[in-house]
Amino acid sequence: MKKNYSAAVFNTVGSMMSSEPITLSPLMRARDAMARLRKVGVPQDFMTNCYVVDDNGYLLGSFTVRELIMAPDYQRVDQFMDRPKALLHPEDNQKQAVSLMGHLACGELPVVDAQQRLIGTVSANEKEKNPVEEHTYLQTRVWELYKDRVFWLLLLMISAAFTGAIITHYETALAAQVALTAFIPMLMDTGGNCGSQSSVTVIRGLSLGEIRYGDWFKVAWKEMRVGFLCGTTLAVINLLRLVLLNHLEFAVALVVSLTLIVTVMVSKLLGCFLPIAACRLNLDPAVMASPLITTIADAISLVVYFRIATLLLSL
C-alpha cells in the first residue's frame, strides 16, 4: 500500500508533488502505451513524461510523450526509455528540488520512496503553484551575504586560536628539533586542499541528487579509502624527496610522511561529512563546510604531527 503524502511537511517535495504519474509496463509496446494513455486520460497536472515501472512499482525509466509518438508501433517502451536525470524523495527540501530542476533544465522529475518505488512527480507547473523564493548572487543584498558569512568567520577566527595553542604546547619539541617547523605550512595546506577536493565532489553530488543524507557511511568509506591511497602516495614521494634530495634525517622525514597520511585521510572524511551535515541542517555547505574543514583539519594534523614526532624522535 502506498503511503499517504497529502499531509507532508510544508516546504518538502511531498507537499508539492503530483501523485498521478502516467505509469507503464516495460514490456508494453508503443501502440499499447498510446492506447492506455487515451484510456486513462491525461491528469490535469500532467507535464511531459511517462514512467516505466515494474510489477512492484519500482521506477525503471521514463520517456516523453513525443518519444512515444515517434516510436514504432511494435517497439517495447523499455527499448527507448531513458534513466531519469535525477530522483527526488518526499522529504527533500523544496528549495533544493527547485534549484536542481533549474540546474538540470528539466520540466519534471520523479519522486520515489526509500525503496525506489515511484510515488509521484514534481513538474514546472507545481513549481509555479508552490513558488520558492530564491535569489541569485547578484540579486542578494550585501547585508544578507554579510549575515550569512560573518558568524562562521568569527567562529573560525576564534577556533583558529586553538592552532596557536597547540604549537605553543609543543614548543619544547620544536626547540629540540627545529626542522619540524618548516613542514607545518605544507601539512596544513595539504589538509585544506584534500578537504576541499572532497567537499566540492560531495556538494555537487548533493545538488544533483546523486548523494542522499543516508549515504554518509558509504561516502565516508569511499573517501577514507581514497584518502589512504592519496595520502600514501604523497607520503612515499615526500619521504624520498626529503631523504634523497634534501638530505634530511630519515626519522624526521618519516614523521612528516606518516603525518601526511593521517592528515589526508582526516581531511577527506571531514570533506564528505560536513557538507552532508550542513545540508541536513539547511545551511549553505559552501559557506560553512569549506572553511570549517580547513580549521579542524589544521588542528588535528598538528596534534598528530607532534605526537608522532614525540614518539619517533623521543622528544
Side-chain angles (χ1 to χ4, degrees), residues 1-6 8 12-94 96-130 204-215 218-219 222:
M1 175 180 286
K2 284 189 176 182
K3 183 177 178 180
N4 181 16
Y5 292 95
S6 60
T12 63
V13 167
S15 66
M16 68 184 292
M17 74 177 185
S18 164
S19 57
E20 299 181 279
I22 299 294
T23 58
L24 302 168
S25 166
L27 302 179
M28 189 174 287
R29 306 286 178 178
R31 184 182 64 178
D32 299 327
M34 284 296 299
R36 172 172 168 74
L37 201 59
R38 297 189 191 96
K39 180 178 180 181
V40 301
V42 178
Q44 185 177 358
D45 51 8
F46 175 66
M47 190 61 183
T48 59
N49 292 347
C50 297
Y51 295 91
V52 182
V53 298
D54 65 12
D55 294 339
N56 296 315
Y58 296 105
L59 179 61
L60 302 177
S62 65
F63 53 85
T64 65
V65 174
R66 182 181 184 279
E67 290 172 331
L68 177 60
I69 294 173
M70 299 301 295
D73 286 348
Y74 291 95
Q75 187 177 17
R76 287 184 355 196
V77 297
D78 61 355
Q79 295 176 332
F80 59 87
M81 71 178 187
D82 294 314
R83 294 294 300 171
K85 292 182 178 180
L87 299 176
L88 298 176
H89 292 74
E91 67 274 11
D92 288 348
N93 182 272
Q94 270 191 25
Q96 294 177 0
V98 169
S99 176
L100 177 60
M101 292 177 67
H103 179 78
L104 297 176
C106 60
E108 184 174 326
L109 285 177
V111 183
V112 298
D113 62 14
Q115 287 73 43
Q116 303 297 305
R117 291 177 300 206
L118 181 67
I119 57 176
T121 62
V122 171
S123 69
N125 288 342
E126 291 300 324
K127 185 174 77 171
E128 292 168 1
K129 294 175 191 174
N130 299 271
R204 179 182 179 276
L206 287 168
S207 66
L208 295 178
E210 297 172 352
I211 298 175
R212 319 301 309 175
Y213 302 130
D215 295 332
K218 295 178 182 177
V219 176
K222 176 172 288 188

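Counting from 1, the numbers follow the sequence of the chain as shown.
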Original post:
Just wondering, do H89 and V112 contact through their side chains at under 4.5 Å, heavy atoms?
Top reply: yes
Original post:
By side chain to side chain contact (heavy atoms under 4.5 Å, CB included), which residues pair with D54, not counting sequence neighbours?
Top reply: N56, Y58, L60
**OP:** Looking only at non-hydrogen atoms, find the nearest pair between A33 and V77 and report the distance.
**Re:** CB-CG1, 4.1 Å
Subject >> Exercise: identify the closest heavy-atom pair between P110 and P84 >> reply: CG-CB, 3.9 Å
**OP:** Tell me, with the steps shown, if V53 and R117 meet side chain to side chain contact (heavy atoms under 4.5 Å, CB included).
**Re:** CA-CA 8 Å; V53 298; R117 291 177 300 206; over 6 Å; no
**OP:** Determine yes or no for a side-chain-to-main-chain donor-acceptor pair under 3.5 angstrom, with D215 supplying the side chain and V219 the backbone.
**Re:** no
Original post:
What residues form a side chain to side chain contact (heavy atoms under 4.5 Å, CB included) with T64, not counting sequence neighbours?
Top reply: N49, R66, E67
Original post:
Is R36 reaching over with its side chain to a backbone N or O of I22, donor-acceptor style, under 3.5 angstrom?
Top reply: no
Original post:
Of the non-hydrogen atoms in A30 and P72, which two are nearest, and what is the gap between them?
Top reply: CB-O, 3.2 Å
Original post:
For Y51, what residues pass the ring-ring contact (aromatic ring centres under 6.0 Å, His included) criterion, not counting sequence neighbours?
Top reply: none
Subject >> From CE (M81) to CG (L68), nearest 0.5 Å >> reply: 14.0 Å
Original post:
Can you pull the salt bridge (Lys or Arg N to Asp or Glu O under 4.0 Å) pairs that have at least one residue in residues 24-34, sequence neighbours excluded?
Top reply: none
Original post:
Excluding sequence neighbours, so at least two apart, what forms salt bridge (Lys or Arg N to Asp or Glu O under 4.0 Å) with R76?
Top reply: D78
**OP:** With the side chain counted from C-beta on, respond yes when V122 and E108 share a heavy-atom pair under 4.5 Å apart, and no when they do not.
**Re:** no
Original post:
Rounded to the nearest 0.5 Å, how far does CD1 of I119 lie from CG of L59?
Top reply: 11.0 Å
**OP:** Evaluate the side-chain proximity of Q116 to L87: yes if any heavy-atom separation is below 4.5 Å, no if none is.
**Re:** yes
